[in-house]
Amino acid sequence: MKVQVCIIGGGPSGLLLSQLLHLKGVDTIVLEKHSREYVLGRIRAGVLEHGFAALMREARSGERMDREGEIHEGFFISRDGVLSRVDLHKYSGGNSVIVYGQTEVTRDLYDARDRLKGAVEHNVEDVQIHDVKSDAPFVTYRRGDEIVRVDCDYVVGADGFHGVSRKSIPKEVLREYERIYPFGWLGVLSRTKPVSPELIYCKHERGFALCSMRSQVLSRYYIQVPLDDRVEDWSDESFWAELKRRLPEKVAGDLVTGPSIEKSIAPLRSFVAEPMRYGRLFLAGDAAHIVPPTGARGLNSAASDVYYLYHALIDHYQKSDDAGLDAYSQKGLARVWKAQRFSWWMTTLLHKFPENTPYENKLRETELDYLFSSEKALGSLAENYVGLPF
Ligand code: APR
Ligand code: PHB
């Protein structure tokens, strides 16, 4: 089989890129390790920045997002029980975010690929990348007993943090930067009305908490937990009780609880791999970088990679101009690091760190006091939260 671009990974990054390229006449195949049901069963974050939303529309995949997603022009930060609102619209110069589940984004992208009859292979095993330093790279995978070979011009590694693409770059070329946080988030999804029309990020002496939502009948809540806690240790009752302790009194009083329909613990990690290009292999999304979820930057960092790669490949195919491909890693990483900085800042600001000294705790409180006393500081928070330009 021969295609122009072979994309490894059928998560949002791989699907969005293949859809955008297809619409410009570039031939792609997406190779996904799991079944579609499995991919769509993963619960992920739910805040989309406007730049990502624009790409979804350009990919003709944004209709349901625009119909069912909620535009949020602000969110709240609770500081030890006192609520303050961050007016995103005012401080970002008129921008906002869309609350719409990433799982739904992925579903919409699969539907869009189906409509165009895009090639998406599921349940592929043992994907291997070959000869990316040559002009004739190829990818092989196994389907049952059969080994399939895909010849291509370029390979895109959009196979997430645990994928094969990053690992196929030689160790002496790849530089990895990582920070593992000493806690995780215990998340619960419940069929209940959200406690607040806008998200509430809570800094509390017992640890961080977040009130989020997927719709007006589906809520998503999180609490910070020690890394060695197990989901089985947390009954629904103990989760709701601990969440309430960390919320402002009035909010806790209004909280509607119910049975969890999903409950999981996610560790928090910051990670960047450099470079994002090796020969004819380009990394995109979680394959190259991970952020802790605090600033809702995960999908949005992936979006800037897709944006740069999409334009670079179109320039290559339509104008024989390789400047975008040559600049991809450098340009991508510049934006990736800004999202890393913001996610690290929000995580540090709002969580309880076991090793923090009283001095560092005072600094965090002062940082929050400063934030809400300075329009410039709020402007910085807002422009990062709604998404820096690509
Ligand atoms: N071969 C083929 N596919 C693979 C392989 C492999 N060896 N390894 C992993 N995959 C698939 C995974 O099953 C997954 O569906 O690659 C896909 C990667 O998707 P994501 O992990 O969702 O990564 P990405 O598309 O970059 O999306 C980034 O996801 O993790 C969140 O917060 C993150 O919002 C961000 C978004
Ligand atoms: C979520 O709804 O899952 C969510 C929202 C905002 C975040 C992280 C997660 O910062």
Side-chain angles (χ1 to χ4, degrees), residues 6-18 29-49 52 70 72 75 77 97-106 109-110 120-129 139-142 155-168 185 187-189 194 198-202 208-215 218-222 262 264 266 268-269 271 283-306 309 339 342-343 346-347 350 385:
C6 179
I7 299 173
I8 305 173
S13 304
L15 293 169
L16 181 56
L17 182 64
S18 74
I29 185 170
V30 174
L31 304 177
E32 167 56 48
K33 183 179 184 175
H34 293 287
S35 68
R36 188 179 292 204
E37 295 67 40
Y38 179 94
V39 174
L40 292 177
R42 293 190 294 226
I43 306 286
R44 297 268 174 87
V47 175
L48 311 180
E49 70 181 34
F52 178 84
E70 282 183 24
H72 282 215
F75 64 84
I77 292 182
V97 292
I98 300 181
V99 170
Y100 186 66
Q102 190 179 311
T103 310
E104 300 314 310
V105 165
T106 313
L109 287 167
Y110 272 126
V120 182
E121 286 287 316
H122 282 279
N123 302 310
V124 302
E125 291 175 80
D126 196 18
V127 169
Q128 290 181 26
I129 302 169
V139 174
T140 55
Y141 65 91
R142 196 159 51 76
V155 181
V156 174
D159 48 353
F161 183 65
H162 298 287
V164 66
S165 302
R166 189 181 66 254
K167 291 175 195 140
S168 58
W185 279 16
V188 157
L189 191 67
E198 294 181 335
L199 273 63
I200 309 177
Y201 290 84
C202 305
F208 171 80
L210 170 61
C211 304
S212 181
M213 68 202 73
R214 293 290 174 273
S215 70
L218 200 56
S219 296
R220 183 72 168 157
Y221 296 102
Y222 298 94
E262 197 268 352
S264 52
L268 270 68
R269 184 200 297 265
F271 174 87
L283 300 179
D286 275 19
H289 42 78
I290 299 277
V291 284
T294 324
R297 294 300 78 202
L299 186 55
N300 302 300
S301 294
S304 61
D305 297 351
V306 170
L309 204 44
F342 178 65
S343 306
M346 250 186 106
T347 304
L350 299 174
Y385 196 90

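Order of listing sets the numbers, starting from 1, for every ligand and every atom in it.
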Under-4.0 Å heavy-atom contact with ligand 2, by part of Leu210 that carries it: side chain
Per-atom contacts, ligand 2 versus Thr294 - under 4.0 Å to a heavy atom: 10 (O)
Contact atoms of ligand 2, heavy-atom distance to Tyr201 under 4.0 Å: 6 (C), 7 (C), 10 (O)
Numbered atoms of ligand 2 (with element) below 4.0 Å of Val47, judged on heavy atoms: 5 (C), 6 (C)
Atoms of ligand 2, numbered as shown, that sit under 4.0 Å from any heavy atom of Ala296: 7 (C), 10 (O)
contact_flag Arg214 ligand 2 heavy-atom lt 4.0 Å: yes
Trp185 touching ligand 2 at heavy-atom level, < 4.0 angstrom: yes
With Phe208, the ring pair (Phe, Tyr, Trp, His ring centres under 6.0 Å) member among Trp185, Tyr221, Tyr222: Trp185
Element-labelled atoms of ligand 2 that are located less than 4.0 Å from some non-hydrogen atom of Leu199: 5 (C), 6 (C)
Could you go through ligand 1 and list every pair where one of its N or O atoms sits under 3.5 Å from a protein N or O, giving the atom names and the distance to one decimal?
| from | atom 1 | to | atom 2 | distance (Å) |
| --- | --- | --- | --- | --- |
| ligand 1 | 3 (N) | Lys33 | N | 3.2 |
| ligand 1 | 13 (O) | Glu32 | OE2 | 2.6 |
| ligand 1 | 15 (O) | Glu32 | OE1 | 2.7 |
| ligand 1 | 15 (O) | Glu32 | OE2 | 3.3 |
| ligand 1 | 15 (O) | Arg42 | NH2 | 2.8 |
| ligand 1 | 22 (O) | Arg44 | NH1 | 2.7 |
| ligand 1 | 25 (O) | Pro12 | N | 3.2 |
| ligand 1 | 25 (O) | Ser13 | N | 3.0 |
| ligand 1 | 25 (O) | Ser13 | OG | 3.2 |
| ligand 1 | 26 (O) | Ser13 | OG | 2.7 |
| ligand 1 | 26 (O) | Asp286 | N | 3.0 |
| ligand 1 | 29 (O) | Arg44 | NH1 | 3.0 |
| ligand 1 | 29 (O) | Gln102 | NE2 | 3.0 |
| ligand 1 | 30 (O) | Arg44 | NH1 | 3.2 |
| ligand 1 | 30 (O) | Asp286 | OD2 | 2.4 |
| ligand 1 | 34 (O) | Gln102 | OE1 | 2.7 |
| ligand 1 | 34 (O) | Gln102 | NE2 | 3.3 |
| ligand 1 | 34 (O) | Leu299 | N | 2.9 |

For atom 7 (C) of ligand 2, the option (of Gly295, Pro292, Pro293) bearing the nearest heavy atom: Pro293
Tyr385-ligand 2 polar pair, N/O distance under 3.5 Å: no
For atom 2 (O) of ligand 2, closest protein heavy-atom neighbour: Ser212 OG, 2.5 Å
